[in-house]
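All ligand and atom numbering here is 1-based and tracks the order in the structure. Just so it is clear, the model here is predicted, and its values are computed rather than measured. Each residue takes its place number in the sequence, starting with 1. Values reported hereafter were calculated over all heavy atoms of this structure, with side chains retained and with hydrogens, waters and symmetry mates removed.
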Amino acid sequence: MAMTGVLRPGHAQLRVLDLEEAVHHYRDLMGMEETGRDAQGRVYLKCWDEHDHSSIILRQADRAGIDLLGYKVLNKATLEKLDADLQAYGVKTLRIPAGEMLETGERVQFVLPTGHTIELYAEKTAVGNGCSLINPLPWNPKTTGMAVRRLDHALLYGPNIAAAQKIFVDVLGFNLVERVLNPEGNANAVVFLSCSIKSHDIAFGEFPEPGKLHHCSFMLGSWEEVLRAGDIMSMNKVPVDIGPTRHGVTRGCTIYAWDPSGNRFETFKEDRSPYPDHEPLTWTFESLGEGGGLDFVQRKLHETFLTVVS
Ligand SMILES: [Fe+2]
């Protein structure tokens, strides 16, 4: 598949209760690089193997959660087309001028029926991954901490995920990769959508409160790197939610844990390559627990997965 249209998750702006405590967590423990601070006081960070300026933007606030999730699109013509397509579909869009976010071009922003703010952009300054573009090293020797490689995906909780799914599939060109049915079996409780051959570039969970963050996920290179991330969490008393284990759903190797503000994050190793012609996989609600959908090793449903969000 030629990658066109929406390319990937590009940035997430997170609300944190104590900025410097959050910077310590994402920079020093997770191993992200701090790439800037702006006049609003926001702090910008990138994972070592990302080429663009920033993927996590931290904003101090009086409650945790996610302000917005941004997706990078192929080019400016694609941005214009998708803006027109969204409006034709009945989605109201807002233009955020270039430069409002450091080193980032104009953004097209819209609010989903789930209450989440999503945005598209075509331009962000490339700063490289520290490995050179000519005769590159296999990894950046300056990596520290958990050495997360990229912002991989987010799971967002809110009402009416069916309508959010339709916008991502019908307008933005994502495809459904996996889904978990609700207890009644008549609708989806969680959907996993991809714009690539990743198991998910975004996921939605049905939840009564709008605009909630379940987790942002950060990719690692191997199961061993996920375990090592767990060691670093333990050494630094980072509160762990679930894992290390494997999700049955998506097959991903995982640890769920919380940042100092209570935003859940995931250290994750992808284990699927679902091409767009593959049939979606379906999990019954019961399979989330005993079937190992959530935790394939322990085969149990952790209550926090359904109830704890920021
Ligand atoms: Fe995840």
Side-chain angles (χ1 to χ4, degrees), residues 8-12 14 26 30 32 47 50 55-56 65-66 69-71 114 116 118 146 148-158 161 164-165 168 174-180 188-207 212-223 225-227 229-230 233 238-259 262-274 280-281 283 287-289 292-298 301-310:
R8 60 174 178 270
H11 57 236
L14 300 177
Y26 288 94
M30 298 191 69
M32 299 182 75
C47 304
E50 292 170 329
S55 59
I56 289 291
I66 187 165
L69 182 61
Y71 282 79
T114 52
H116 299 95
I118 302 293
M146 298 177 207
V148 291
R149 295 181 179 218
R150 72 174 182 224
L151 172 63
D152 191 84
H153 62 268
L155 170 55
L156 306 177
Y157 271 23
I161 63 170
Q165 178 183 336
F168 271 80
F174 284 53
N175 53 292
L176 176 68
V177 175
E178 300 199 28
R179 61 181 183 147
V180 180
N188 294 326
V190 191
V191 293
F192 300 82
L193 310 174
S194 180
C195 60
S196 61
I197 58 164
K198 290 158 58 187
S199 60
H200 45 326
D201 288 291
I202 194 165
F204 292 101
E206 191 71 31
F207 196 71
K212 292 297 179 183
L213 173 66
H214 188 279
H215 67 266
C216 283
S217 183
F218 298 87
M219 194 192 78
L220 288 169
S222 66
W223 173 227
E225 287 185 19
V226 175
L227 292 175
M233 292 175 202
V238 173
V240 170
D241 178 19
I242 299 173
T245 187
R246 177 201 288 280
H247 293 307
V249 183
T250 76
R251 296 188 204 160
C253 298
T254 180
I255 302 174
Y256 283 156
W258 285 284
D259 79 4
N263 295 309
R264 189 190 278 100
F265 69 96
E266 176 178 41
T267 49
F268 171 81
K269 171 63 177 76
E270 178 79 274
D271 198 24
R272 281 198 67 196
S273 300
L281 306 180
W283 297 77
S287 73
L288 254 191
L294 175 62
D295 183 340
F296 197 74
V297 176
Q298 294 200 64
L301 183 59
H302 302 255
E303 190 62 25
T304 51
F305 179 79
L306 301 175
T307 56
V308 178
V309 292
S310 62

Chi angles and distances behind the side-chain hydrogen bond (donor to acceptor under 3.5 Å, both in side chains) call for Thr304, His302: CA-CA 5 Å; Thr304 51; His302 302 255; 5.4 Å; no
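Using modelled atom types and a 3.5 Å distance limit, the side chains of Ser217 and Asp152 yield no donor-acceptor pair.
Side-chain atoms of Glu206 come within 3.5 Å of backbone atoms of Ile161 as a donor-acceptor pair (strictly under, hydrogens ignored).
When all heavy atoms of Ser55 and Glu50 are compared, the closest pair comes out as OG-OE1, 2.7 Å.
By the 6.0 Å and 45° rule, Arg246 does not stack over the aromatic ring of Phe296.
Distances from the Fe ion (ligand 1) under 2.8 Å pick out these protein N/O/S atoms: His153 NE2, His215 NE2, Glu266 OE1.
The aromatic ring centroids of His153 and Phe268 lie less than 6.0 Å from each other.
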